Amino acid sequence: MSNIEIRDLVKRYGTVEALHAINIKIEPGEFAVLVGPSGCGKSTTLRMVAGLETISGGEIVIGDRVVNGLRPKERGIAMVFQNYALYPSKTVYQNMAFSLKLSRVPKDVIDQKVRAVAEILELTELLERKPGALSGGQRQRVAMGRAIVRDPKVFLFDEPLSNLDAKLRGQMRVEIKRLHQRLKNTIIYVTHDQVEAMTLADRIVVMRDGHIEQQGTPDEIFHDPASEFVAGFMGSPAMNLVKATAGADAITIGDTSIPWALPASISNGDTLTFGLRPEDIRPAIDASEVSTRLTVTLELIEQLGTEKLIYFTVGGHSFVGKAEGRADLRVGQSIEVAFDMVHAYGFSPNSGARLR
Amino acid sequence: MSKKLIKAMAVAAIAMIPVQSFAQTKIEWLQWFAAEAGADTYNSLVSEFEAANPDIKIELVNQPFGKVRESIVTDHAIGISADVLGLNMPWTKEFLDIGILAPLDDYLGKADNGFSKDQLVQAPIGEIDGHTWMVPLTAFPFVLHTNMTLVKEAGFEHPPTNWDELKEYATAISKLGDGISGIGLPFSSQPPANGPILTLLPLLYAHGGHSMNGTTPDFDNPAVVETLQLLNDLNASGAAAPGAASRTGGVDVEEFVAGRTGFLISPAAHSANVRERGADFEYAMTRVPGDVNAYRVHGFELGISANSKHKDEAWKFISFLLGKQANAKVAHASASLPGNLEALADFNTDGDEVLAKQMDILSNDTPVEELRQAPKATASWSIMTEEIQAMLAGNQTPEATAAAVQARWLELIK
Amino acid sequence: MAMEAQGQGPNFSTRGASLFQAIRDNSAGATPYLFLLPCLVILGALLGVPLYKVVEYSLFDNVIIKPDPIFVGLDNYSNLLSDSGFWSALLNTGIFTIGSVLGHLVVGMSLAMMVNADIHPRARTIFRSLLILPWIFTAAVVALNWQLLLNPFGVINYWLGAAGIINEPLDWLGDANLAMWSLLLISTWRGYPFIMVSFLSGLQSVPRELYEAAEIDGANFFHKFWHVTVPQLKPVIYGVVLLDLIWTFQLFPLVWLTTGGGPGRVTEVLSTLTYRLAFVDFQFSQAATAAVSILVISAAFTILYLRNETRNK
Ligand SMILES: Nc1ncnc2c1ncn2[C@@H]1O[C@H](COP(=O)(O)OP(=O)(O)OP(=O)(O)O)[C@@H](O)[C@H]1O
Ligand SMILES: [Mg+2]
């Protein structure tokens, strides 16, 4: 269990700067998730913590030590790779025992540790198999087992679940969560899947183009996004984000005006990006009294089971809302929808920053 | 032939016009001569012959010396022998055993030959098994090539004339340093591994010795032992270039031409290499040092395949090549003397000291030719090479070397 | 050419007939073989006929030399097996083959790993091209160059002398104690690119993550080599080594053109012995017998190789 501090970390590939002086502080035992679109620098950050990439600038501290110059094995970390990176010629047992063997741990101690971890991960039956004879989920567990056996201060995961099918991904997510509750190690976990980020993280770090857009608890990230990017990135389907003009206690979207208690930093006549999550747009019959009501024509309906996504146009802009899974709705139908404006957001149309 | 026939038939069938049958005979001439020097001369002689004999076409097949013997044997085995063969006297006995050569007696007796038999250099036309098997295109003695620049630098005036001088001069030249040696001993095992006949035999003959008794190996006689002792002395005293056991005949010539050895014992024809390559040292050719004026005679020989379907045409070409004028041209091109001595009349040596010296040796000294009748000649050189390597490495005395060669040679021909 | 000598061998047409028989008996299953037929015929002509000829020669007394050779059964084989020259050539062949293959492996593998390292891509391309050079020269050129290098007055002796390692020049190819080592040096130089290239493509297919995982597990260079590289390349190594054994085992020109089997016979290998028997001694049947011995041993390696190949499928 160690704290991790990343200070002004820079990575350059030749003349291209991939990371621009990022700062992250992770408490001991915290589960931190780096999330962001492809190419934003998540893996690069993680690999620099692991010692697999050189550091172009800044510092990484694990525990009390600056680890910049240390080799991976000296950093007290373990890593789980996206493709598992199991040694194909070794059995599950040998894969898990390898690092202990290299550090000359006595045979009986190795055996004891490997079997204990195998027990936790339900790998005992598979110990003599080679990776080629395992399913994807089993390989994933072996890769975690290999990391756990070493009893590291820090776990690093780089998209460990992205090669699994949806169902398995769900199960493994739970397992990882349980494991963390049990082992209480510090974890940095990279993913571009926001559900994983939301469900696993104590702290989410949203990255974009080599810098940090926002970091905080899942609640903060989801409900109090610092920017249009974060707001649009977290949540599925994504938040409705449309151009609007501020009026007096209202905004105008195209030809439609919607009453809204403007945040302090927005004044009458400003243009802004208006944001409202689909969850906050419902058919009026399901909605609370305070919400704003509009009559719209349904253009598309997606049945997800527990709920339906409803698509319609307001003021020339497309919107998505959510309805009950059992709601009786048809395309072309004209219904009244309620906008829960208490949870509406405004963003600067230029910088994307939250307007509060 | 058949290809030509098919072609002719095809043309006839398609064009439906009568084809004038133009029976041209094709003769192949396999040799290494043109590959060594004077390729132009050989080509122009072929053209000259073809112009005079429009019904015969000559195909000149050039191969390096090391390859020709092998080609002759394999071609014979497969049945695709060239008609006219360039020959080397030491191969004769081996080839006769396989039946490669056609006897030439009848042809030599013909009245319309372009030369007269008595005027030919005699060694090659000596009978074996009652027949003559080849005729001499050119002849040259084995000689001592000398780099006079080095000799003078070492403090001497003339090329060595006896073994003591050879040893003394060669040792002195080796002392000049700079990677320069007195003489090379080419005793590599690499094919054709003919160091013994290049270096040992000429010295042996100049010492009045021999290596065979008739057609029987006689290698353990005192003269051979003394010659071996000479090689051993040259090697031990540092007069010879180091690395005898990896030195090929080719390298030996190259090293001399490049000015890195003082002396080279080899066919006189190699003066052409010195000349063509424009070596920048003073060159001299003399008889191989020794105590008698005897030389190993050598030359380019010609024969006809026993398999040839065009022996008459083949002979016609040979007869042309032995004619005075053609023969003189070949001799000039190869820096040797004509096989037909009549050609000497057309042979202008004026000003050419090298040719003059060769003529002097050929006309005044005794030729020695043992290899024409040597059984298993090629294999016997390998044996000599291996035993001499062991001697030069200090593993056996000259006496033991001579005895070992004799025993192995006898075993070989048993 | 051998075809001409052979004419239309009866063995060939009977084999053809039985093939047709098979096709007729099982018309549905045999159709694919019909398409193979032209290929089989050509292969048969290219491989079968010369092979048959060599074996046939080895059962007669001196073919080619004698107009009417007679059948002597296995006499040539008992001659060969009782000839000490054969056994020493066999031993030399073993030393030469194993030594060469080991040399190829060590040098080829090391260079493959060096060239595979993370360096500037252009530098890497240049290195790779340079390192493959020994492969593209003909044996004759290789032999000639090494003869010059190893000559007593050659560069190698000069360097060793200048470095104070030797006092006087050595005759690397002419000294009975050094010749085989020199030959192995030349053969290693000549043959490593094949291994290097094969391993290079193998190395490039080793997932990078495996090395990273090993690094995190605390592996040093040798651990990574032994636990990641070698197991990953194992199928390649096995196949390539067998192929190399087969090639080196019958390698002729390099030996013949550098030492000619000498000095004495210390570097005489089976292939040079065969050549010597044929073209120096004109004992063609004995040469055919030696050739068959090479064939048998090569065939054993080849079967191993093919088995390995099918196992890898
Ligand atoms: N070896 C490299 N050389 C040059 N640029 C690189 C290298 N590795 C990564 N990059 C660049 O650095 C940036 C960050 O890459 P990184 O792998 O960290 O992205 P990521 O956030 O992990 O993306 P993904 O979700 O696709 O894995 C990208 O623009 C990438 O192109
Ligand atoms: Mg990544």
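Computed over heavy atoms, backbone and side chain alike; hydrogens, waters and symmetry mates excluded. Values in this document were obtained by computation on a predicted structure and should not be read as measured data. In the text below, chain A, chain B and the rest are named by the order of the sequence lines, each starting its count at 1.
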Full working for salt bridge (charged side-chain N to carboxylate O under 4.0 Å, His left out) between A:Arg7 and A:Glu5: CA-CA 6 Å; A:Arg7 297 183 191 136; A:Glu5 228 185 302; 3.1 Å; yes

Checking heavy atoms, do the side chain of A:Leu86, its backbone, both or neither come under 4.5 Å from chain C?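 The backbone, not the side chain.
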
Could you look at A:Arg47 and say if it's the side chain, the backbone, both or neither that has a heavy atom under 4.5 Å from chain C?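 For A:Arg47, side-chain heavy atoms alone lie under 4.5 Å from chain C.
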
Can you tell me if A:Thr191 and A:Glu159 form a side-chain donor-acceptor pair at under 3.5 Å?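 Checked: A:Thr191/A:Glu159 side chains show no N/O donor-acceptor pair below 3.5 Å.
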
Donor-acceptor pair between A:Lys11 and A:His20 side chains, under 3.5 angstrom: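 There is no such pair (donor and acceptor under 3.5 Å, judged by atom type) between the side chains of A:Lys11 and A:His20.
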
When heavy-atom pairs shorter than 4.5 Å are enumerated against chain C, which of A:Ala147, A:Ala50, A:Pro88, A:Ala78 gives the highest number?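 Most heavy-atom pairs under 4.5 Å with chain C: A:Pro88.
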
Below 30° counts as parallel, above 60° as perpendicular, anything between as tilted: where do the rings of C:Phe137 and C:Trp189 land?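 Aromatic pair C:Phe137/C:Trp189 classed parallel.
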
Between A:Asp111 and A:Arg115 (salt bridge meaning N to carboxylate O under 4.0 Å), is one present in this structure?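 Looking at A:Arg115 together with A:Asp111, the answer is yes, because their closest N to O distance falls below 4.0 Å.
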
Name all pairs fulfilling the salt bridge (Lys or Arg N to Asp or Glu O under 4.0 Å) condition that reach into residues 120-142 of chain A, sequence neighbours left out, sorted by first residue then second.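 Every pair satisfying salt bridge (Lys or Arg N to Asp or Glu O under 4.0 Å) with a residue in residues 120-142 of chain A: there are none.
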
Determine, using ring centers only, whether A:Phe31 and A:His180 are less than 6.0 Å apart.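 Yes, ring centres under 6.0 Å apart.
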
Interface residues of residues 205-221 of chain C facing chain A - heavy atom cut-off under 4.5 Å: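 Within residues 205-221 of chain C, the residues that come under 4.5 Å of chain A (heavy atoms only) are C:Arg208, C:Glu209, C:Leu210, C:Glu212, C:Ala213, C:Ala214, C:Glu215, C:Ile216, C:Asp217, C:Gly218, C:Ala219.
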
